[in-house]
2 protein chains.
Amino acid sequence: MESRTARPPSGAPSRFRRVAATPAYRQVAEAIEREIIAGRIRPGEPIGTEAQLVSQFGVNRSTVREGIRLLEHSGLVRRDSSRRLWVGLPHYGRLALRMSRALVLHEVTFRELYEASLPMQLATVEAAVERATPETIAQLEENIARTERALGDPSEVAKLDAEFHGLVGKASRNRVLQLAREPSELLVMPTTEMILKRVKEGAPRLLHAHRMYVDAIRRRDKQAGRLWARRHLEDWRKGFERAGKDLDQPIDRIYLEST
Amino acid sequence: MESRTARPPSGAPSRFRRVAATPAYRQVAEAIEREIIAGRIRPGEPIGTEAQLVSQFGVNRSTVREGIRLLEHSGLVRRDSSRRLWVGLPHYGRLALRMSRALVLHEVTFRELYEASLPMQLATVEAAVERATPETIAQLEENIARTERALGDPSEVAKLDAEFHGLVGKASRNRVLQLAREPSELLVMPTTEMILKRVKEGAPRLLHAHRMYVDAIRRRDKQAGRLWARRHLEDWRKGFERAGKDLDQPIDRIYLEST
DNA sequence: ACCAATTTGTCCGTATGTATG
DNA sequence: TCATACATACGGACAAATTGG
């Protein structure tokens with residue numbers, strides 16, 4: 001790589017802005033990224049071995065590796081069992097996790113979380129009512145059955161609640177909506193567990209809301225779907241306040257340590 | 001780092017599940033990440049030099065560097081002008097860009113984009129109506145003034161449109177909502193430019209909608225805000241179809257090459 | 001404004017374990 | 001089974017940039 005910065009002679013007036021020297025490892029990453037984004041290399045195709053990249057870019061192995069790591073981290077490049085390099089499809093889950101972490105670090109409040117979740121849940125359930133297939137409805141019912149059996153176990157119910165909303169998201173068949181909703185869901189889930197531990201009637205109410213949810217989806221009743229999505233989330237908020245918490249507090253970062 | 005995999009002797013019955021060997025560079029990254037997520041190192045604090053990390057983790061410098069790169073990539077660690085390492089706050093913009101790229105690679109359709117954008121726009125404008133300050137209203141008006149002067153220049157109007165919605169997002173004072181909305185916005189923007197180039201009445205209609213938007217915000221009129229947000233986005237959809245495009249097509253990846 | 005110490009960016013070479021044919 | 005290719009990790013090195021006298 002030819003580019004390094006050149007410092008202007010100390011005495012001379014600074015006539016030029018300093019050249020933005022992109023480090024070699026970043027040039028490597030960006031070059032490969034461009035090929036993928038532009039679609040010239042497609043997901044599932046091989047990138048080549050490290051040695052090949054070394055000779056193509058004319059840099060050292062260490063430099064190539066630093067660049068590759070960036071792409072692996074964002075999911076654009078994957079390694080299979082043999083550690084060979086392939087173009088990958090970044091998976092939502094990882095991105096959503098990172099977003100939720102960013103939200104926690106920025107100390108967003110539970111009120112922001114609640115306010116943003118409501119419209120996204122409503123939109124999701126509407127789409128799910130429109131497009132749910134028998135298979136996903138069956139999965140939802142199976143989730144409800146498991147929730148019934150787990151009613152006494154708050155953390156299990158919270159996990160099943162998250163799974164439930166994931167299934168509704170899948171039923172919505174709208175990936176943009178899913179990706180927008182998922183980070184919030186990741187933050188709501190641990191709070192749900194806390195609420196269920198402190199508010200006894202929480203779990204049965206949650207189960208009932210889920211039942212009505214699925215019923216609305218099965219009957220393709222958008223209004224009922226919206227109604228129960230709203231009630232379900234309102235229950236969450238009420239339970240939150242009943243548990244003695246303040247909506248305007250930042251989300252505790254403790255909730256993310258587990259992941 | 002002590003952990004490597006150990007292959008069981010070929011003849012022996014496989015009594016144990018294979019150990020998941022986390023590579024050293026990843027262990028380094030995860031260790032530092034945990035400290036930051038848990039809040040034991042706070043944004044703005046120094047991480048230490050590479051040499052220090054080498055001695056603390058007991059690994060080679062190349063290994064440390066590969067690990068650090070991951071954290072730099074996700075924004076958890078920053079380097080200042082002197083390239084020293086600091087804890088950083090991941091900025092939304094980068095995350096949003098990654099998400100929009102992921103959406104394009106997954107070939108989501110314009111219909112998904114439209115359907116997801118609507119409720120988020122509505123929620124955003126509602127919150128903005130509630131909480132906009134005189135300063136952000138002034139910025140919105142200034143944006144409108146610039147849009148008036150740029151009416152003949154589609155790409156400039158599209159840019160100002162994106163800025164406008166960014167300002168509305170800021171006015172909403174809900175960062176969860178903003179982060180959820182931004183990836184979609186990044187995908188809508190280039191499409192807006194395409195539409196404005198092909199549909200002549202697009203720019204004046206856009207400007208008018210913005211005017212009514214701000215008027216609603218100034219009058220704290222939630223209903224009007226929702227109405228014009230809906231019309232504005234519907235204009236986008238109609239313009240899209242008027243331009244001869246199909247809503248059910250995947251988003252062209254061409255739109256992301258520029259970034 | 002100069003100098004010395006630190007630190008980063010990059011490179012070279014090597015040893016070892018693993019996967020593939 | 002064995003040989004080969006390859007990724008992981010290590011140690012050492014040097015030039016350029018930055019820092020702090």
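Each chain gets a letter, A, B and so on, in the order the sequences are listed, and its residues count up from 1.
Of the possible donor and acceptor atoms, none in the side chain of B:Glu66 sits under 3.5 Å from a partner among the backbone N and O of B:Tyr25. When atom types are taken as modelled, the side chain of B:Glu35 and the backbone of B:Ile32 share no donor-acceptor pair closer than 3.5 angstrom.
Taking atom CG of A:Leu85 as the reference point, atom P of D:dC6 lies 11 Å away to the nearest angstrom. Residue B:Arg79 contributes atom CZ, which lies 6 Å from atom P of C:dT8 at whole-angstrom precision. The interatomic distance linking B:Leu53 (CG) with C:dT6 (P) rounds to 18 Å, in whole Å. In this structure, B:Trp86 atom CH2 and C:dT8 atom C1' are separated by 16 Å, rounded to whole Å. Remark: C1' of C:dC11 and CZ of A:Phe57 are 17 Å apart, rounded to the nearest angstrom. One interatomic measurement links the two molecules: CD of A:Glu50 to C1' of C:dT18, which rounds to 14 Å at whole-angstrom precision. Put simply, CZ on B:Arg26 is 10 Å from P on D:dA9, counting in whole angstrom units. Between the CD atom of A:Gln27 and the P atom of C:dC11 there is a distance of 11 Å, given to the nearest Å.
When all heavy atoms are compared, the tightest approach of B:Pro90 to B:Leu76 is CG-CD1, 3.6 Å. The two residues B:Ala180 and A:Met120 make their nearest non-hydrogen contact at CB-SD, 3.8 Å.
Considering only side-chain N and O atoms, A:Thr63 lies under 4.0 angstrom from the phosphate OP1 or OP2 of C:dC11.
Of the candidate nucleotides D:dA9, C:dG9, C:dT7, C:dT7 has the atom nearest to the side chain of B:Thr49.
Listed by first and then second residue, the salt bridge (Lys or Arg N to Asp or Glu O under 4.0 Å) pairs involving residues 160-172 of chain A are A:Arg146-A:Glu163 (not counting sequence neighbours). A salt bridge (Lys or Arg N to Asp or Glu O under 4.0 Å) check over residues 182-192 of chain B, counting only residues at least two apart or in different chains, returns the pairs B:Arg181-B:Glu185.
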Short N/O separations, protein against nucleotides 11-13 of chain D, under 3.5 angstrom:
residue, atom, partner, partner atom, Å
D:dG11, N7, B:Asn60, ND2, 2.9
D:dA13, N6, B:Arg61, NH2, 3.3

request  = Determine, step by step, whether B:Ile47 and B:Leu53 satisfy the side chain to side chain contact (heavy atoms under 4.5 Å, CB included) criterion, reporting the C-alpha distance in whole Å, the side-chain angles of both residues, the deciding distance to 0.1 Å, and the verdict.
outcome  = CA-CA 8 Å; B:Ile47 304 277; B:Leu53 295 174; 4.2 Å; yes

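Listed by residue number, A:Arg65, A:Arg69 are the residues of residues 64-71 of chain A with a heavy-atom contact under 4.0 Å to DNA chain D.
Partners of A:Phe164 by ring-ring contact (aromatic ring centres under 6.0 Å, His included), not counting sequence neighbours, listed by chain and number: A:His210, A:Tyr213. Residues satisfying the ring-ring contact (aromatic ring centres under 6.0 Å, His included) test with B:Tyr92, not counting sequence neighbours, are A:His106.
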